[in-house]
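Right, one structure below, let's go through it.
FYI, side chains are in, hydrogens and waters are out, and symmetry mates aren't considered; it's all heavy atoms of this structure. Within every chain, numbering begins at 1; the chains are lettered A, B, ... in the order of the sequence lines, protein sequences first and strands thereafter.
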2 protein chains.
Amino acid sequence: MELYDIKRIDYDQQAKVMKALAHPSRLLIVHALMDHELCVCELRELLQHQNNLSTVSRHLSVLKNAGLLVEEKRGLYVYYHLCCNGLREFLVSMDRIVGEAKEPT
Amino acid sequence: MELYDIKRIDYDQQAKVMKALAHPSRLLIVHALMDHELCVCELRELLQHQNNLSTVSRHLSVLKNAGLLVEEKRGLYVYYHLCCNGLREFLVSMDRIVGEAKEPT
DNA sequence: TCTCTATTTGCCTATTTTGCGAAATAGACA
DNA sequence: TGTCTATTTCGCAAAATAGGCAAATAGAGA
């Protein structure tokens, strides 16, 4: 197994992306977008208790600024979808390890 | 492609793990630990500019509390290593998507 | 043009996170 | 036992983040 070159990685950039994902509502949003694009008001409905519109909008802009989402305005609505293919695979991998991560002793 | 069941996931738990990873120093730490365990003072040396010992120790406890690291005291030193196998694969997947995530327009 | 709807932004407050120095702890070894 | 070393915790101040209301914006459609 080759050594992992920790020097080559831009940890500030990576932290920005992780930070964008480090919130329950934003995690729900990206998971919902794994299947198909959704507009802001549809996403709002999914966020049952945290569904203040300005808050939802702000979460979306955090994800967009991290480069994870792309927006597209059509008619009255703004639709969001995941930015890239690798992201879907990444989310699946995240779901797996969060299950494995054990509580500390 | 089957639908992704967004209801089954514990987003609070997942956010906790993502939050633990959402810091440049902590990302460097977990990447360094992909190869082999390291003790606190070795990790400190890797964190060139953010190498205050109490800060490093705090970062380690954040990662440990998220269930990502395991500590083991041997002799004078405390050694840390990654908690689970899936984590390594997850980190590789993360490295890939962070590269792909595009800057917003 | 005006109006109506969907979405974003500004502003404020409350909470959390960060980083550091100093003090505390834990345990190895004489 | 006492001392020395590695590491963690405490307490604080600065910075970042979150959530909500109200106001602003953008653009569709009459």
Side-chain angles (χ1 to χ4, degrees), chain A residues 11-30 32-33 36-81 104-105, chain B residues 11-30 32-33 36-81 104-105:
Chain A
Y11 294 112
D12 288 310
Q13 171 63 15
Q14 213 168 63
K16 206 167 133 187
V17 174
M18 290 301 103
K19 211 173 286 191
L21 290 171
H23 189 289
S25 299
R26 293 198 291 267
L27 285 167
L28 190 148
I29 289 171
V30 292
L33 295 176
H36 31 72
E37 65 173 15
L38 291 167
C39 74
V40 182
C41 51
E42 288 170 318
L43 286 165
R44 177 196 198 176
E45 280 176 35
L46 291 175
L47 292 162
Q48 323 224 16
H49 298 294
Q50 295 282 62
N51 65 350
N52 178 286
L53 202 44
S54 70
T55 303
V56 174
S57 178
R58 201 154 264 143
H59 283 316
L60 288 167
S61 88
V62 169
L63 290 166
K64 192 178 62 174
N65 279 310
L68 296 172
L69 299 188
V70 175
E71 73 181 357
E72 189 181 337
K73 180 148 195 173
R74 285 203 309 277
L76 273 179
Y77 306 95
V78 176
Y79 292 90
Y80 282 88
H81 58 90
T105 42
Chain B
Y11 294 113
D12 288 311
Q13 171 61 18
Q14 213 168 63
K16 207 168 131 187
V17 173
M18 290 301 105
K19 208 175 287 192
L21 290 171
H23 190 289
S25 299
R26 294 198 290 268
L27 285 167
L28 189 148
I29 289 171
V30 291
L33 295 176
H36 33 248
E37 66 172 16
L38 291 166
C39 75
V40 181
C41 51
E42 289 170 318
L43 287 165
R44 177 197 199 175
E45 280 176 35
L46 290 175
L47 292 162
Q48 321 225 16
H49 298 295
Q50 295 283 65
N51 66 349
N52 177 286
L53 202 44
S54 70
T55 303
V56 174
S57 177
R58 263 258 267 287
H59 284 315
L60 288 167
S61 88
V62 169
L63 290 166
K64 192 178 60 174
N65 279 310
L68 297 172
L69 299 188
V70 176
E71 72 180 358
E72 190 181 336
K73 180 148 196 173
R74 286 203 308 277
L76 273 180
Y77 306 95
V78 176
Y79 292 89
Y80 282 88
H81 58 89
T105 42

> When you check the phosphate oxygens OP1 and OP2 of dG19(D), does a side-chain N or O of H59(A) lie under 4.0 Å from one of them?
Replying inline: yes

>> Test of understanding: with side chain to side chain donor-acceptor pair (under 3.5 Å), list the residues that count as partners of S54(B), not counting sequence neighbours.
In response: N52(B)

> Separation of E72(A) atom CD from dT7(C) atom P, in whole Å?
Replying inline: 14 Å

>> Counting the atoms with a prime plus P, OP1 and OP2 as sugar-phosphate, which does E42(B) contact under 4.0 Å by heavy atoms, base, sugar-phosphate, or nothing?
In response: nothing

>> Can you work out whether V62(A) or V78(B) has the more 5'-proximal nearest nucleotide on DNA chain D?
In response: V78(B)

> What's the closest nucleotide to the C41(A) side chain, out of dA18(D), dT8(D), dT7(C)?
Replying inline: dT7(C)

>> What is the separation between atom CG on L38(A) and atom C1' on dA6(C), rounded to the nearest whole Å?
In response: 15 Å

>> What is the distance, to the nearest angstrom, from the NZ atom on K64(A) to the P atom on dT7(C)?
In response: 13 Å

> Whole Å only: how far is the CD atom of E71(B) from the C1' atom of dA26(C)?
Replying inline: 12 Å

>> Is the phosphate of dT8(D) approached by Y80(B) (side-chain N or O, under 4.0 Å from OP1 or OP2)?
In response: yes

> Tell me: CG of N65(B) to C1' of dT18(C), nearest whole Å?
Replying inline: 16 Å

> Among pairs that include at least one residue of residues 67-78 of chain B, which meet salt bridge (Lys or Arg N to Asp or Glu O under 4.0 Å), considering only residues two or more places apart or in two chains?
Replying inline: E37(B)-R74(B), K64(B)-E71(B), E72(B)-R74(B)

> Is R26(A) touching bases, backbone alone, or none of the nucleic acid, heavy atoms closer than 4.0 Å?
Replying inline: sugar-phosphate

>> Between C1' on dA18(D) and CG on L27(A), what's the gap in Å once rounded to a whole number?
In response: 15 Å

> Do the non-hydrogen side-chain atoms of I29(A) and L46(A) ever get within less than 4.5 Å of each other?
Replying inline: no

> Quick one: what's the B/S/- string for nucleotides 20-30 of chain D, heavy-atom cutoff under 4.0 Å, read 5' to 3'?
Replying inline: BBB----SS--

> Does S25(B) or Y79(A) map to a spot on DNA chain C nearer the 5' end, using the closest nucleotide for each?
Replying inline: Y79(A)

> In whole angstroms, how far is the C1' atom of dA18(D) from the CD1 atom of I29(A)?
Replying inline: 13 Å

> Would a 4.5 Å heavy-atom cut-off, applied to side chains only, mark L53(B) and R44(B) as touching?
Replying inline: yes

> Among all residues two or more places apart in sequence or in another chain, which pass the side chain to side chain contact (heavy atoms under 4.5 Å, CB included) test with L76(A)?
Replying inline: none

> Of all residues at least two apart in sequence or in a different chain, which pass the side chain to side chain contact (heavy atoms under 4.5 Å, CB included) check with S57(A)?
Replying inline: none

> CG of L43(A) versus C1' of dT8(C): gap in Å, rounded?
Replying inline: 15 Å

> Residues in side chain to side chain contact (heavy atoms under 4.5 Å, CB included) with V17(B), at least two apart?
Replying inline: I97(A), V98(A), Q13(B), L68(B)

